[in-house]
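Below is one structure, written out as structure tokens, with a few remarks after it.
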Amino acid sequence: MAQPMTTTPGVRSHLSSVLAGNAENQRSRCRIHGEFTETLMPNGQWSGCPQCLEDDKAEQRQAEQRDRAGQIRADKLEQLREGAMIPRRFQRRTLQNFETDDHDRKEFALAACQRYVERFDDRLERGGGMVLTGSVGTGKSHLAYGIGNALLDQGYRVMGIDVYELIDLIKERAFSQKGGSEREALKAFVGPLDLLILDEVGAQLGTDWERLMLFKIVNERYKAELPTIIVSNADAAGLTEYLGERIVDRMQEGGGMTLSLDWPSYRRAA
Ligand SMILES: [Zn+2]
């Protein structure tokens with residue numbers, strides 16, 4: 001038999017008596033598990049209730065598994081957050097920190113956005129989008145990104161991006177990469193995203209090509225029944241002129257809606 005690794009002669013002699021069957025045992029009683037036999041260990045302590053030891057180990061294993069699962073989830077959320085491309089200034093805009101100032105219409109708009117988050121599974125099922133229109137400073141981007149941030153926290157795949165950047169990305173993917181194509185570039189904004197938030201739609205007079213790209217993305221998402229949120233400075237008529245009536249109409253399907261934010265700008269008010 002291999003010599004056990006021991007430290008002191010006392011420990012060694014104790015261990016050999018354990019191995020020889022001469023261990024010092026005693027009967028004890030556990031509050032939870034009742035009677036048990038315990039052994040005096042080399043360190044001079046009694047071994048304690050074997051069932052309690054097992055329970056402790058199982059609990060520790062579970063805690064480790066929970067930690068690992070939590071870490072995996074945190075890593076995944078971090079990854080989703082990076083992929084979401086939400087501009088820094090909107091990363092902390094939430095529905096909770098949207099100020100309604102007891103203004104009825106703001107409260108209505110906020111409630112509609114909260115409902116959108118609560119019912120997102122249904123919106124995702126039916127492709128229900130949202131159009132948020134209003135002039136500068138009404139908080140429409142705050143509301144849209146507030147929806148996006150809430151859904152990101154729930155593990156949905158979200159991207160929030162303004163149109164300028166979207167067009168840059170398409171150009172980059174379509175023309176700068178080897179083997180890239182417009183079709184492939186557009187695909188990146190359809191299937192892989194549960195929700196696409198497009199900010200600053202119609203704010204600029206884009207080229208026909210840019211407008212066509214935007215139309216195609218919204219249209220492809222519509223065909224795939226994937227929700228899109230459009231944020232625009234233009235009013236409903238202006239947006240219709242910019243994107244076409246068909247697209248704007250389609251945004252209302254599947255539980256979709258248009259919110260016109262028509263209160264005075266907080267920037268002007270301040
Ligand atoms: Zn016990």
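Just follow the structure's listing: the first ligand is 1, and inside any ligand the first atom is 1.
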**Prompt:** Between Arg123 and Glu225, is the closest basic N to carboxylate O distance under 4.0 Å?
**Reply:**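 Answer for the salt bridge query: no.
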**Message:** Could you check whether Arg115 pairs with Glu118 (Lys NZ or Arg NE/NH1/NH2 to Asp/Glu carboxylate O, under 4.0 Å)?
**Reply:**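 Glu118 and Arg115: not salt-bridged.
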What pairs of donor and acceptor atoms, side-chain ones from residues 140-153 against any protein atom, are under 3.5 angstrom apart with sequence neighbours left out?
from: Lys140; atom 1: NZ; to: Gly134; atom 2: O; distance (Å): 3.3
from: Lys140; atom 1: NZ; to: Ser135; atom 2: O; distance (Å): 3.4
from: Lys140; atom 1: NZ; to: Asn233; atom 2: OD1; distance (Å): 2.8
from: Ser141; atom 1: OG; to: Asp199; atom 2: OD1; distance (Å): 3.2
from: Ser141; atom 1: OG; to: Asp199; atom 2: OD2; distance (Å): 3.0
from: His142; atom 1: NE2; to: Thr94; atom 2: O; distance (Å): 2.8
from: His142; atom 1: NE2; to: Asn97; atom 2: OD1; distance (Å): 2.9
from: Asn149; atom 1: OD1; to: Arg81; atom 2: NH1; distance (Å): 3.4
from: Asn149; atom 1: ND2; to: Phe90; atom 2: O; distance (Å): 3.0
from: Asn149; atom 1: ND2; to: Gln91; atom 2: O; distance (Å): 3.3
from: Asn149; atom 1: ND2; to: Arg93; atom 2: O; distance (Å): 2.9
from: Asn149; atom 1: ND2; to: Tyr145; atom 2: O; distance (Å): 3.2
from: Asp153; atom 1: OD1; to: Arg81; atom 2: NH2; distance (Å): 3.3

**Request:** Using ring pair (Phe, Tyr, Trp, His ring centres under 6.0 Å) as the criterion, list what pairs up with Tyr156, not counting sequence neighbours.
**Result:**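 So Tyr156 forms a ring pair (Phe, Tyr, Trp, His ring centres under 6.0 Å) with Phe120.
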**Protein N/O/S neighbour count - the Zn ion (ligand 1), strictly under 2.8 Å** = 4
**Message:** Would you say Asp55 and Gln51 are linked by a side-chain donor-acceptor pair, where the criterion is simply a distance under 3.5 Å?
**Reply:**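 Yes, side-chain donor-acceptor contact under 3.5 Å.
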**Asked** Got a sec, which residues hit side chain to side chain donor-acceptor pair (under 3.5 Å) with Glu182, two or more places apart in sequence or on another chain?
**Response**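 Per chain and number, Glu182 pairs via side chain to side chain donor-acceptor pair (under 3.5 Å) with Trp209.
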